[in-house]
Structure formats: C-alpha cells, structure tokens
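Worth knowing before you read on, the calculation uses all heavy atoms, side chains too, and leaves out hydrogens, waters and symmetry mates. Every chain is numbered from 1 and lettered A, B, ... according to where its sequence line falls, protein lines coming before strand lines.
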Amino acid sequence: MADAHQHAPESPASGGAGPSRRDFLRQSLRGAAFLALGGAAGFLASRTARAGNIWQIDPYLCVQCGKCATHCVLNPSAVKCVHAYEMCGYCELCTAFFEPDPNGLNTGAENQLCPTGAIVRTFVEDPYFEYRITEDLCIGCAKCVKGCTAFGNGSMHLQVRHDRCLNCNECSIAVACPAGAFKRVPANRPYLMKGKRSEP
Amino acid sequence: MMRPVPPSDPQALRRHQARYLLASRSALVAGVFTLLVAALLALNFAQRQSTDPLEHPELAALKVRLAAEPRSSALKTQIRQLDQELRAEYFRYQSRAHAGAWLLLGGAVVFLVSIFGMTTLHPSAPQPLRGLERDARQWSEPRRARWAVGLLGAAVIGGLALIAVLVSAPALPDSSDAAAGAVAASGQASPEAPIDETAIARNWPRFRGPDGSGRAADGGIPATWDVSSGENVLWKSPIPLPGVGSPIVWENLVVVTGAEKDQRAVYGLDAATGKLLWTGRGERIAESPAEAPEVMEDTGFAAPTPATDGQRVYAIFANGDLIAFTLKGQRVWARALGMPANGYGHAASLLVWKDLLLVPWDQSENGRLFALDAATGKTVWEEPREVHCSWTTPVVAKLAGGDALITAAAPKVIAYGLPKGEETWSVEGLEGELGSSPVWDGQHVFAVGTDSNLLAIEPGAHGSARVAWKTDKDLPDITSPLSDGERLWLLTTQGRVTCLAAKDGTEFYGQELDASFFASPTLVGERVLLISASGKAFWLASGAEYRLLGTAEFGEKVHASPALAGGRLFVRGERHLFCIAPRGGPKP
Amino acid sequence: MRRTRGLLLLAALAAACTGAFGEERFPPPEFTATQYALPAPTRPEARDGMRAGVDVAVLFGALCLSAWLVLRKRSRRGVYALMVFSIAYFGFYREGCVCPIGGIQNVSQAAWAADFVLPLSALAFFFLPLVFTLIFGRVYCASVCPHGALQDAVVLKPVQVPAWLDHALGLLAYLYLGLAVLWAVTGAAYVICEYDPFVPLFRMTGSVNMLTLGAVFLLAGAFVGRPYCRYLCPYGAILRLLSPLSRWKVSIYPDRCIDCRLCDTSCPYGAIRPTTPVGPAPPRAPDRRRLAITMVLLPLIVALCALLGSGLSGPLARMHPAVQRAEAVARGAESVADLTKDDADRLLAFRQNAATAAALPEEARDVMERFHRTAPWFGAWVGLVIAVKLIALTLRRRRDEYLADRGACVACARCFDYCPGEKGLLDPEIAARARRP
C-alpha cells in the first residue's frame, strides 16, 4: 500500500514521461502566453497617451437636472458652478441669485435661490452687480445655473472641478446624466468652460 | 508549533496572559466602538434622508407665506433664521459624516490588530483530521462538482434565456418619430393637420413671400431706421455662419440658413426678440458628398432660401444636402440629392405646395424637378428638365385649369400641372443662364432671359399660353421682377430701375440709382423697397412716376431679399439678421 | 420701477424661452465709473500628472518584493507587511484607482475603438501583474492588490467552502468578466468600477448602497476567505488561467510532505489539493466517456449560447446611456405621465438640446448595432466557460503530496507557517518514519 503510494509517479498508469511532457506543454503554453501578452501590449501601446482622459461637463448640453449634487461619490460633489464673467450681464435682478419673483433685491435669505448661500453679490457700479461663487459652499445643485440659463445670459454653468474630482474610471454622475453631457476630455485641457476668455 | 506557544516559565506566562488579555479587551472595546460609530453614521444618514436640510419643507412653506404677505418683516426674520440653522445643519452633517468615517476606520484597524494579536498569542490548535473525510471522498468530488457546475450553468443559461424572452429590446424612436413625438408632446399641432392657406398668406414661408412675388402688406414698417442708435431696429442678431439665402418667417419663428465648406446649419430665431431659439445642424447625412462644392464667393454655400409649411422647415445647401426640421429644430429627415453640376453653386430655393416639397434642380446635365413628400422626404415624382442650368425659383400660379408650377430656364418657360407634375404648356424665347426668378401677378407670368428678352406670358384657358409682349431693354440678371398687377419694376445689378406697364410693356420711367443690387425688389403696401448690395435701402413710391420716399442704411452688405410678416421687416445682412419694426415693448 | 420692469421682462422671457441655452439677452456692460477688472474663472489642474509614473514604479517594486517574499523568503510576516503597505498606498492613499481589475475595461475598449485614449499607466497596470503571474504565480493577488489584501486581512474564522460549490461559484467570475468586457467595448458602462465593493471603502465616501455592499463583503470575508477574489474578481479569473503556466510556483515542501494536512487546514481559500487516496482508483472508462461526450457537446453548447447571446443584445444594450435616453424619448412619445423621474429628465434633456436630439436616434441605433455584433460573442463565452469547466472536471490527476492548486492559490504564504517541514522540525528520517502506517 505505502509502496504504491510512494512510487506513484513512476507507476505505469501515469507514465514515466508524464511530468516532463506536462512541463513541456506548460513551457510552450507559457511561451505562447508571453507572445500573446507582448503582442497585445505592443498593439495597445500604439493607442496610449501619456495623459489619460478625465471627465468634464459640456455646459451646452447640461440641462440642470440636479443630479450632479446627488450622484457624485464625493459629498459635496466635485461639480461646482463656474461663472464666465465676460458673458455676465451683471444684472441687478439676477435670475441665478434671486428666487423667481423675489421679495426684494437684497441678499436676504428669503430672496436667495442658492440653498447654501454660495453666491456673493457685490455692487460694482450703477446698475451693475457682480456675482461670485464660493466654491467651498457650492454643492453643484445647478439651481443658479438653471435660473441664469433660462432667463439670463447663461454665464453660470457647471464644471467638474479637478482639484476635487477623483476621476473615477466610471463617473457615477455620467452614468446618471440624462443629457449625455459628461464627456472624457484630455487631461491637459480639463475644462469645457463657457466664454472665450476661459479657453486656454 | 512554529507559532508562539504559551511559555512554560511562570513569569513569562503571566506576561503572556496579560498581553492576551490586553489584546482581547482592546478587540472587544474596538469592536463595540466600531459598531457604535457605524450605528451613529447610519442614524446620521437616515436623518439626512428623511429631511434634507437644503430642501426643508418648513422653509418652502415660509417662503410661500411671504409671497402672500410680502411686507411682513417678522416672516423675513423667521426665514433668515431658519435658513441659517438649516445651512449650519447641512454642513454639520457633512463634517459628522467625515469624522465618522475616520473614526470607523480607526476602530476597525484597532479591532483587526487586536484580533491578529489574539490569534498570534493564542493560536488555535491545528486540526490535521479536519479534512480527512473530505480527502477520502475525493473520487466522488468531481462528480459533485460536475453536477454543481452543470446546475449553475443551466441556471445561468436558463436565466439568460428568460431575460432574452421576457425583456424586450429597447424601443427606439424613429428619427421622424422622435421629432414628431417631441413636437406632439410639447403641445404643438400634429404633423398631419391640414395646411392653413390663410396662415401661409400672413407669413413669409419661402423666397419672396407666400406666392414668390415679393409683395407684402404695408404693416406700418418704418421707412427710416438707425442701426447704431437702435431706432426702429427691433433687434439685430448675429448669424454664426454666412449665407445669402433670405429669411423666412412662420408666426413667431424666423429661419435663416448658414454654411461654410464643411458645416451647414439652420437657425431658428424668435421673431419678437431675435433670440436664437435653436440651431439645426446639417451634418451627418448619409451619402452627403465628401467634398465641398465649388462655388463663387458671392454665392457661398447657403444661397438657397429655406421654405416652410408651418409644420416643418426645409433647407437645401450648395452640396445638395436637403434637411427637414420641425419648427422646434428637431431634425425630421434628411437626404443628399448629390453634388450639383453647377458652376456658380446651387442657389434655387425650395417651395412647398400642399404636402409636396418642390425642389428645382436645373443642372448643366441631368437637371430635374423633384416633388418630395414633405413629411418623409421620399420622392413622389421627378421630371427631367431639358433646359440649361439655372438659379431661378419657380412660382405657383393659380390658373384656370388648376394650380401650375411655373419654371423659367433657358430656353423656355414651362408650366407643370400640380399635383402630378405633367407639363401643361411651355413658351420658348429665353436665352442665357437665368438667375432672375419668374413671377406671376394674377394675369401674366414675367420671366427674364438675361441675354435675350423679358417675356410677359398670358396663360390661356386650356393648357396653352401666349406671349403678350416682350422687351430686351434694361434686363436684370440677378434680381427678379416685381409686379403689382399694373406696373412692373425691373432692377439691374448696376442699379437701373425701370417701371413698365404690366399689360403692354409701356415704359413709365427709368432711373439710375447710385448703387448695385443683388436683392430683389419688394412691394411693401404702396411702397417699393430696394436694398443695395452695400446695405442701403431705397424706398420708392409705387406710382407711375419715379419718386424717392427715403433711404436708410443697414451698415453692412445685404445680398438677400427681405422678408415681411407681422408688421416686421427682416433683412439678412452679411453678419446679422435685422428686424425693422417700431419699438413696442421694453428694450431688453 | 426698475424692479417691476425687470419682472415684466422676466415674464416675457419666460414665455419666449424654450429652454435652449442662454444667449446674450443682457449685453455685458462696459464699466465706466469704476476700474472694474473682469475676473476669470479659475481652472485648477487635473490631479493626475506625475503620480501615474510613481504608481507604476511602486507597483513594479511591490510585485518584485511580493515575489521575493513568497518564493525566496517564504515569509508570511513579510507578505503581511506588504499587504498593509498596499492597503495603505494603493487602497487608502490612491483610493483603489488605477487598478488592473477596472483596467480590463479600459484595455478592452482601447482594443476595440481606435480613438479611445488609454493612459500608459493603465496599460502598465494591466500588463505588469499578468507578466509577473506568468513568471511567479499570483504574487499580485498575494499582497499587492489592495482589494485582495483588505480581504486577506479580515479573514478571522474561515470555513471550508465545499469543493463542488467552490468550482461552481468560481464560474461567476468568468461570466462577470465576459459581461464587463461586452459593456466596455460597446461603450455602455464600466460595471467593474461601478459595482466595485471596496473602492468606496478606500475613498471613505460613496453611495450608501455601495458602502453597505463593501461592508457586507468584508463581514462575509471574515468567514469565507476572499469572497470577491474567488467568486467575482474578473482579473483574478484571468490570473487563475495564467498562473498554472508560471515558471515558479508556491510549493509546500514536496520532498518532506508527510501528509499531515496542516497546510490544508491553514488555507482559508481551499486552494490545497490533497494527495490521491491510497487504494484502487475507480475505473477510468466512465470518465473517458464523459470526456468524449462533453468534447462533442462543447461546440454545440457554444453555438447554442451564441444564439442566446444574440437574443440578449436588446436587453444588454439597455445599459448604454444613449439607448436609455432614446428609450425614454420613445416612451415619452406614448405617454409622458407614466415616465419615471429619470426618464422624464432624459426626455426633458432631449427636448432642450435640439442639436444632440436630432442625432440621438441614429446614435442609439449605432449602439444597438454594436450590441448585435458583440452580444453573440458574449453568449459564446458563457457557453465556452461552462463547457470547458465541465471538461476540466472530468480530467483526473494523481497527486502524491499536498499541493497548492496553481490556479486557485493566491500565494498568501499562510501554509508555509504551518508546514512542519518548513522550520526543519522534521528531519527526513522522521518524515519517512511518519509516513509509515
């Protein structure tokens, strides 16, 4: 019994050449696998770039659905409102800042559209006011963007802020975006901002 | 064995036990702590789920109340306080969640390290007999595994088959369905609604107006304006892509086209404000010619004027691409007619008769006249055209025998019966490459053969026609004639305007204007509007004597003929679309 | 006064607005009274840049170290230390991204679509562990992969999963791999990343569902060793195929094996294969017959499944955002009232973007066409995986010692610590005597 066990490798059943035949098979398969991997890597190397692609919102496709605030893996979202000042009308009645039909044109909470008070309104000269986004407070809910786009010049728009974005391989906002506004853009041109001056 | 075994030395043993105790205690504490933090985090989250501080109903309710009593300062104070509290609560939630995550991580790490310490200090005894039974079973193991794999495989395949059978493939919208659906859902008239003749009459649905004759009601259009001060300029909107096609108007929508070598677009603007409502892209059409056509600089890539029937807008470009959009800019259908064989570039405009879209296609070879189903773009009929290349847009004349499409190209004027498209009559006598479109004033068809004659044709009752009179003096080569039934105006490119009697061709006057013209003359009530290539508008009285009523400037080149509807004059300049009308509402 | 005028204007614009993007309704002002300088929005740079190169270098170093620790040093302690490093660096510091598991999708999409940009680092991350596996076995899984290391670290009281169940569940990883590749090449979704249970834990933020899933996997991992690696990980599925070909392998002192089974009890992953029992083996004839039958059935199963796959192209295409949008439009054309919130948003977006809307049906049809072409291959893959597994299970091999299965072993080095031969506790003679009954 024990002998049978001990000498099993040499038993006629498995054949004396068994292990070496197997080793040969393994070696050739390994060689083939190496060749295949090398070929695949070489083929794919022609499609590589040093910098990869990162996510960005096309502001002209964005419909301000509000999902950027809720679907980002980060909380608060890496999507923030960005202001293209050159397009801004500096309106006294800013439809991005004020609720529809505001009680008064002042910064009282009852008049403000932004849920976190992230827009700072400052007087420039009569009759113009500047609107500036406090990015740390902005949650990317797009309420102001909606107001600005529907009734104003559309100078406020959403952008993925890359100092915050983790650049997930699969952006969970992009999955949820109803407009297909999320695009992969080259990492060296990471923004799709509105306004000419925003172009690098 | 090779792991630390409790030492035999009593002091060391005590130390060992103390260490184990420490490890187990800290494991317990860390475990409880971790669970607690997890529970708190879950609670934090649940609270946030039930009421989002940023969407708090109480705040919304207060704002509604404020709308009812806008002067209540108490309410305002209340809103401001609540708003501040809620925002603070929101950021507290954020920081709680953040801190909680780190605490949870810390707890879990301590727990794991303690457990690791416990197992190291007090390893469980190896159990060499544990797998004995299993080892002995190994001959039967593959059989079980085969069963398991077989069952799982069957379950997977069965599940997939079930999905394939039960879950239907996604129902995708048809291109036209999609557009129609969007229009129908947004409360527009359904595409099958009959075409309203009065609506056509009050709009400007094609080149030179409802009947292509360049006549409009006065509508109180101001005779003077000032583009720089904005006086009587209701709006002025830039048109991104260049084009010399004229604007068309349907109710509150103005449409112009623009194109360059490699891009084509149709723009829908708000007639009241000039706001660009939509841009219809002309790219991505199957079988569209890969290369840009060769055109003259003056003609460009968007010379034809689009047309509309109140349901769709149709546009054709220099490369023969033909596209239909809804009035909201959704593309309905598109087709490529092929590269036109036309040395100057294709320029004949489209027109719609009932549900047929008529496409003049006079080419240097294989010229045709297409009638397409306006809803789908499919060809209903096409007539071969044995004429020279031309740039004229036909008109529909209401003749005794029914509606006829009057076309003009050298050597003849041909009338086609509608809707079938059979040739009813033709009159020879035109020479040259015709750019001047024919007009119909109710009695005569006027067609200009640039190098030969102007023919005044009188259609007869039974599919016949005769030349009433003709002339070869001062013939235009680009602009089309204008007739009010009594008088006929001809305008040459070099700026000579001639007024003739419509019934016999007697000349009333001839006058040189110091300007050159590409835009056709337009009758605005009792006034004749001529717009020069440099953008200067001349207003003439429509009487038999030459009388200049006034001039006005657009400040940029104008090659397109104007459009008039709803008391507004729309003129396409080189870069802008102008709307001339007295100011009504507030200035935006 | 100004306010009421503004409101009037607002109402007028609201009426005129169809939701297209804003044009310049209010001309940007010329500031005359003040020296106002027009601010420009900031453009923080993307985080990437240099770090990708560092990551690849760290990966290479960690792979080398892992191979050395497992095959030369044979040290569980060393492996554990490296595991902790990997969890800290690739896991918590780099937040589980870049990783070769998700890289499968990028690589397959790049192979499919010529215009897809594949970062060099992603390519390196995908291929380096494959090459190392072909040489040293699954040393990547052992201690470099943060997913594997995290699960390895939480193993407390592992139960032995019965071999038949282990075989069956192991198939899921291959099916998942097929599905992920299908959805990646069609550009529909990166499901591996979307449903990765551990990355949200590494990030310490994410949707509650995913965080819960991660916690569940870790809790289950205390009792079932590395559940994700063994039954789901698509990259592990590839490595399981390559590892048996490796030049070097994990060995448990073959020359000194006394059949003590301690290695087997030490392995939480059921990767140790026992010796063939002493005594007469059952006849081979039935196995040969089964082999012949399954070999004949293989093309049939594959063809059938390919057919099934083509039937699945429609349902599978539903994963693609363009198809979802087109479908929402089609549904909206029937009845707007019955739409879900997401579909209503999609329909709204469709109506607001005339330019993209016009192209949408065409785009969706393109996608459907892609699925028509690829879905049969997915079906064939499902059939192939099942049939080949059945064939593999009819092959019989004799073993004379306790061996780590070359595919299933993740080179965690636990068994080294348990083997009496390892620490020289047994000299060959004692071993020989111990073998005697």
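- For a heavy-atom cut-off of 4.5 Å, chain C lies close to A/Val73, A/Leu74, A/Asn75 in residues 68-81 of chain A.
- Only the side chain of A/Val82 comes within contact range of chain C, with at least one heavy atom under 4.5 Å from a heavy atom of that chain.
- Only the backbone of A/Cys88 comes within contact range of chain C, judged by heavy atoms closer than 4.5 Å.
- No side-chain heavy atom of C/Val117 sits under 4.5 Å from any side-chain heavy atom of A/Arg47.
- For A/Phe129 and A/Phe97, the ring centers are positioned 6.0 Å apart or more.
- A/Tyr191 and A/His162 have their aromatic ring centers within a separation under 6.0 angstrom.
- Proximity to chain A (any heavy atom under 4.5 Å) is restricted, for C/Ala113, to the backbone atoms N, CA, C and O.
- In terms of heavy-atom proximity, A/His83 sits nearest to A/Ser155 at NE2-OG, 3.0 Å.
- Here the closest heavy-atom approach between residue A/Trp55 and residue A/Asn169 is recorded as CZ2-O, 3.6 Å.
- For A/Lys67, the salt bridge (Lys or Arg N to Asp or Glu O under 4.0 Å) criterion is met by C/Asp342, C/Asp345, not counting sequence neighbours.
- With sequence neighbours excluded, no residue forms a salt bridge (Lys or Arg N to Asp or Glu O under 4.0 Å) with C/Glu194.
- Contact count against chain C (heavy-atom pairs under 4.5 Å) is highest for A/Gly89 among A/Cys65, A/Gly89, A/Cys171.
- Across C/Leu242, C/Leu348, C/Val199, C/Thr42, the residue that shares the most heavy-atom pairs under 4.5 angstrom with chain A is C/Thr42.
- Separation of the C/Tyr36 and A/Tyr90 ring centroids falls under the 6.0 Å cut-off.
- The part of A/Arg184 that comes within reach of chain C is its side chain, from C-beta onward, which places non-hydrogen atoms under 4.5 angstrom from that chain.
- Residues of residues 31-46 of chain A placed with any heavy atom under 4.5 Å of a heavy atom in chain C are listed by number as A/Ala33, A/Phe34, A/Leu37, A/Ala40, A/Ala41, A/Phe43, A/Leu44, A/Ala45.
- For the options A/Pro190, A/Ala174, A/Cys165, heavy-atom pairs under 4.5 Å to chain C are most numerous at A/Cys165.
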